[in-house]
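In what follows, a single structure is set out as structure tokens and then discussed.
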Amino acid sequence: MSRSLNIVNPATGAPIRKVPMDSSASIDAKAARARRAQIDWAKAPWKVRRDALAKFDALLKAEKQPLAKLLSLETGKPISHALAEVGSVTGRIRFFIDHAKRVLSEETPYADDSITERISYDPLGVVANISAWNYPYFVGANVFVPALLTGNAVLYKPSEFSTLTGIKIADLLHRAGVPKAVFIPVLGDGRVGAQLIERPLGGIYFTGSYATGARIAASASKRLTRVQLELGGKDPAYVMEDADPAIAAVGLADGAFYNTGQSCCAIERIYVHKSVYASFVEAFVETVKGFKMGDPLDPATYIGPLTRPQRLGFLENQVQDAVRKGASRVMGGRRVSKSPGNYFLPAVLTDCDHRMLVMREESFGPLIGIQKVSGDAEAIRLMKDTDYGLTAGVYSKHFPHAKTVLDAMDTGSVYWNCCDRVSPNLPWSGRGHSGIGCTLGVHGISAFLQPKAWHLRRP
Ligand code: NAD
């Protein structure tokens with residue numbers, strides 16, 4: 001009997017649809033089809049691949065409203081955030097289209113009268129793209145757009161929490177001219193993902209949690225399959241004594257609570273210099289009180305439900321642990337039990353310290369811990385007291401001062417007076433438990449190619 005995914009609206013708990021999951025046999029058949037189709041896709045002129053991805057971009061623009069609505073319905077993402085995601089993914093696609101041809105070009109690093117040394121770049125073949133639900137357009141496109149442009153075929157497994165969006169992405173790519181056998185959705189939960197990565201693959205490109213990433217790396221190591229992992233974070237920000245606390249509070253509240261706090265690079269812990277601590281906390285709480293929680297389809301909603309119901313208990317446990325150890329719960333911090341759906345009241349905890357789970361394990365929800373510090377040395381020590389290494393930020397009026405802290409961070413990205421920001425022009429990477437490899441920027445295009453060295457001696 002074939003298994004199904006039950007797609008549920010996280011704002012109401014109401015079922016939306018059942019979707020059949022892939023089986024081991026259907027994954028085998030899809031992998032074989034993709035292997036055959038990839039050869040012609042890689043040989044196709046650049047223009048064929050470029051035009052298909054440009055058409056995909058145009059379809060996203062034309063169908064932005066219904067696509068955002070579907071995303072909001074199945075993940076609970078506030079509609080204004082869903083529209084922003086579908087609207088700005090097109091900037092990433094443009095970046096990849098504008099730069100991939102150059103990355104694919106052959107190079108001749110050496111030539112003399114008798115020998116020429118040349119480098120060409122081959123695609124990897126069939127790659128698996130195992131994706132997360134929190135930004136399915138962003139994290140999906142970071143992988144499948146450069147993979148397709150560089151001549152790979154993609155077996156795409158959307159998250160079980162954003163499957164309908166995944167099916168829609170496949171439909172748009174096929175309508176845009178990407179052959180059906182070159183981009184194939186593989187549908188199901190983690191068990192399906194685990195079966196998929198056991199197939200012969202040119203690479204596994206994963207976005208998700210550290211725990212799953214570590215399992216995937218262990219499984220792939222037996223076959224020596226190339227693995228790229230974009231994982232979670234416990235991203236810190238430090239408000240220096242020379243920062244404007246009101247400006248920092250507005251920026252950091254948005255960084256912590258945007259997308260209901262379910263962003264890989266959400267601000268997860270804040271350190272504030274003691275001289276501006278009180279005014280920062282006051283402005284921060286005022287800002288969070290202004291965030292409207294409600295129906296994700298209401299354009300005024302800023303905080304929606306959590307996408308996964310299991311996370312309600314997880315966040316409540318972090319709050320209780322912190323309060324038990326001496327934190328002050330200034331607002332929120334418990335589920336809304338009166339209404340249906342996975343609603344959690346946005347939580348601000350102050351007087352936190354590193355004995356508390358909220359300062360150590362990824363919250364990935366509308367919850368923030370704030371800790372007072374006496375100066376830069378203490379802030380640097382605390383910011384670095386983590387296994388993760390995705391981003392770190394500093395608010396300060398003076399860049400040279402901020403830079404002394406940012407230089408000390410062992411993270412893939414650093415921010416000065418901003419946070420929770422990703423740009424297609426810059427490489428996006430995590431260190432430590434935040435991942436291996438890199439998406440975006442030109443590095444995120446090379447990630448789908450393997451070099452071939454040509455030693456050419458004249459006869
Ligand atoms: P998750 O690890 O639960 O699942 C991610 C994907 O892996 C899903 O498609 C799931 O079905 C699949 N999967 C689960 N077990 C598997 C297995 N054994 N083998 C193969 N596939 C398996 O993560 P999630 O809840 O979807 O995403 C949230 C996490 O993702 C957070 O930690 C967040 O920080 C991180 N994230 C990171 C980035 C980044 O760019 N660094 C971006 C978005 C999300």
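All ligand and atom numbering here is 1-based and tracks the order in the structure. FYI, side chains are in, hydrogens and waters are out, and symmetry mates aren't considered; it's all heavy atoms of this structure.
Relative ring orientation between H433 and Y210 is described as parallel, the plane-to-plane angle staying below 30° on a 0-90° scale split at 30° and 60°.
F314 carries R311 over the face of its six-membered ring, with the cationic atom under 6.0 Å from the centre and within 45° of the normal. Taking the ring axis of Y135 as reference, the NZ or CZ atom of K77 stays within 45° of it and closer than 6.0 Å to the ring centre.
With S24 as the fixed residue, the side chain to side chain donor-acceptor pair (under 3.5 Å) test singles out one of Q195, R199, R191: R199.
Using modelled atom types and a 3.5 Å distance limit, the side chains of R223 and S219 yield a donor-acceptor pair.
Checked against salt bridge (charged side-chain N to carboxylate O under 4.0 Å, His left out), E362 has no partners two or more places apart in sequence or in another chain.
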Per-pair distances, ligand 1 N/O vs protein N/O, less than 3.5 Å:
residue  : atom   : partner : partner atom : Å
ligand 1 : 2 (O)  : S209    : N            : 2.9
ligand 1 : 2 (O)  : S209    : OG           : 2.7
ligand 1 : 2 (O)  : T212    : OG1          : 2.7
ligand 1 : 9 (O)  : S131    : O            : 2.8
ligand 1 : 9 (O)  : K157    : NZ           : 3.0
ligand 1 : 11 (O) : K157    : NZ           : 2.9
ligand 1 : 11 (O) : E160    : OE1          : 2.6
ligand 1 : 11 (O) : G190    : N            : 3.4
ligand 1 : 19 (N) : A194    : N            : 3.4
ligand 1 : 23 (O) : S209    : N            : 3.4
ligand 1 : 25 (O) : W133    : NE1          : 2.9
ligand 1 : 25 (O) : R308    : NH1          : 2.9
ligand 1 : 26 (O) : W133    : NE1          : 3.2
ligand 1 : 30 (O) : G208    : O            : 3.2
ligand 1 : 32 (O) : E362    : OE1          : 2.7
ligand 1 : 34 (O) : E362    : OE2          : 2.7
ligand 1 : 40 (O) : W428    : NE1          : 3.0
ligand 1 : 41 (N) : L231    : N            : 3.4
ligand 1 : 41 (N) : L231    : O            : 2.7

